[in-house]
2 protein chains.
Amino acid sequence: MTGQLKDFLATRKQVIEETLPTFIQKLNTTQSLKNAMLYSLEAGGKRLRPVLVLALLHTYKKPERDGLATACAIEMIHTYSLIHDDLPCMDDDDLRRGKPTNHKVFGEALAVLAGDSLLTESFSIIVNDPYCPSEQKLRLITELVKAAGAEGMVGGQVLDMEGEAKELSLLELQHIHENKTAKLLAYSLLAGGILAGAPECDIENLRKIGYHLGIAFQIRDDILDIEGSEDRIGKPVGSDSVNEKNTYPKLLTMQGAKDKLNDHISQAQLFIKELTVEAPLLLEICELIANRDH
Amino acid sequence: MTGQLKDFLATRKQVIEETLPTFIQKLNTTQSLKNAMLYSLEAGGKRLRPVLVLALLHTYKKPERDGLATACAIEMIHTYSLIHDDLPCMDDDDLRRGKPTNHKVFGEALAVLAGDSLLTESFSIIVNDPYCPSEQKLRLITELVKAAGAEGMVGGQVLDMEGEAKELSLLELQHIHENKTAKLLAYSLLAGGILAGAPECDIENLRKIGYHLGIAFQIRDDILDIEGSEDRIGKPVGSDSVNEKNTYPKLLTMQGAKDKLNDHISQAQLFIKELTVEAPLLLEICELIANRDH
């Protein structure tokens, strides 16, 4: 990772982390709900999705300010999905990023409701973005629902649950992760492109780049569960194997999974080179996703 | 209830019930998720909220077609809230409208996700309404988030949970129901007014009407839990008392609760008479809410 990329990621992560809580703090609601929302929003993480939005605006030489609200909305949706995923009736996880999960701290009921309100408020953040024209807002919401709802992330979560007891084919596994992970990640690129006023041919390429990056991201996740460091990831390694989860290394062997990861990264980079703008930052982010250690 | 009102309610309920499933059926997602969403959407109920939207368009002599999408979106949000409220970690209810609750049929995980996707898709329905101008859509979403999110329904649900173990004052009880019940009900009137292009003075009156109707609706609910018929309500009566819930009859005596109900209905009717249009249908709906037996 070059110093330039490192600097970009660190400074934008900071902007995101400073801005995120402001949307919650100004809500006129009970403090306990705000605390539960803030707890998970402030639990850290890579902030990859919101940083991707800003990276797109940077790439198109537009003010990054124009992407900040949507970037935060995406991170709020990502956060709600983690809170609900961790619930006892779902993955039943006690730890997330090295901290107790939301329901462990606030109880299940408040965790469900904190997730519900993070999801709900995210739409308001886009609608009330002072820097975004009305027609763009409507497009952003249409695409967000496709990425996060029944046709995207939530649908993928259902497929994932249903696939748990079965031996899946590579195509089935791909289909799960396309929905569960790739679509919201792809949406970050797409939203950045929409906000930057990118031409339609670029928007279509951003969808493809997002798809490949999203799948690559998931393969790297599976690899890290075997080869990663517990300290870096913030949760125990080897849990996929204990839970007999369908993973890329299990289906393809470790070397096969690594080859697959590299394929998707190469594909993403090819489509990045087809954009109407030079995008060195995006090319570097591809490398980062391929090699990340947490 | 006059024959005319009865006819209005029955025909519009039918339109709503015919339209609601179409938004789910066309989703490109796994059938099990659609089934879980449809199960609760099709479980019946009064459809009061969506009918109120259509009643507003009727009152302003505008095509009711213009309110159908938003009406369905509101019913989807109401339905998601019922699914999540019924979860074991929340109210732990086995029956809803005489049928097993969503998680009893589909399991808790799918129930959480069916709720999440009903909430998410509802925003898309408003955004993709072919009869609504862009600026109206954005206003509808802003108001919807206020009514359904942390500053409205979800916030009210948190307050309700927190109030369970305590003896509440009348003001505290009112505050809970204003958020938990009245705001989404008021939104139905507000949304109808926005869609009908009602003048701003009417929009502000619709907020007040909605507030009083919403509180009245909740008081009637509390009364029905004591005096109602199990067959008509679809769930056991007396459960509030068993659960030591804070209710209006408990705080005010039964007669006090009935007086309070009538006060709110009268207030609502006063504000209805201040609208810039004649609204006999809305006046009749007030009577219906005051006297409903389920």
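Here is the naming used below: chain letters follow the sequence lines, and residue numbers restart at 1 for every chain.
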> Where is the tightest heavy-atom contact between A:L33 and B:G155, given as atom of each residue plus distance?
Replying inline: CD2-CA, 4.0 Å
Give me a line-by-line list of donor-acceptor atom pairs from chain B to chain A that are under 3.5 Å apart, or tell me none exist.
| residue | atom | partner | partner atom | Å |
| --- | --- | --- | --- | --- |
| B:N28 | N | A:E151 | OE2 | 2.7 |
| B:T29 | OG1 | A:A150 | O | 2.5 |
| B:S32 | OG | A:E162 | OE2 | 2.2 |
| B:H84 | ND1 | A:D116 | OD1 | 3.1 |
| B:H84 | ND1 | A:D116 | OD2 | 2.8 |
| B:D116 | OD1 | A:H84 | ND1 | 3.1 |
| B:D116 | OD2 | A:H84 | ND1 | 2.8 |
| B:E121 | OE2 | A:A150 | N | 2.9 |
| B:S134 | OG | A:E135 | OE2 | 2.4 |
| B:E135 | OE2 | A:S134 | OG | 2.4 |
| B:A150 | N | A:E121 | OE2 | 2.9 |
| B:A150 | O | A:T29 | OG1 | 2.5 |
| B:E151 | OE2 | A:N28 | N | 2.7 |
| B:E162 | OE2 | A:S32 | OG | 2.2 |

> Can you pull the ring pair (Phe, Tyr, Trp, His ring centres under 6.0 Å) pairs that have at least one residue in residues 138-166 of chain B, sequence neighbours excluded?
Replying inline: none
> What residue, out of A:A114, A:A150, A:A109, has the most heavy-atom pairs lying under 4.5 Å from chain B?
Replying inline: A:A150
> Can you tell which of A:L118, A:L113, A:L159 has the highest number of heavy-atom pairs within less than 4.5 Å of chain B?
Replying inline: A:L113
> Does any heavy atom of chain A fall under 4.5 Å from the side chain of B:V158, the backbone, both, or neither of them?
Replying inline: both
> For chain B, which of A:I126, A:L144, A:L119 has the most heavy-atom pairs under 4.5 Å?
Replying inline: A:L119
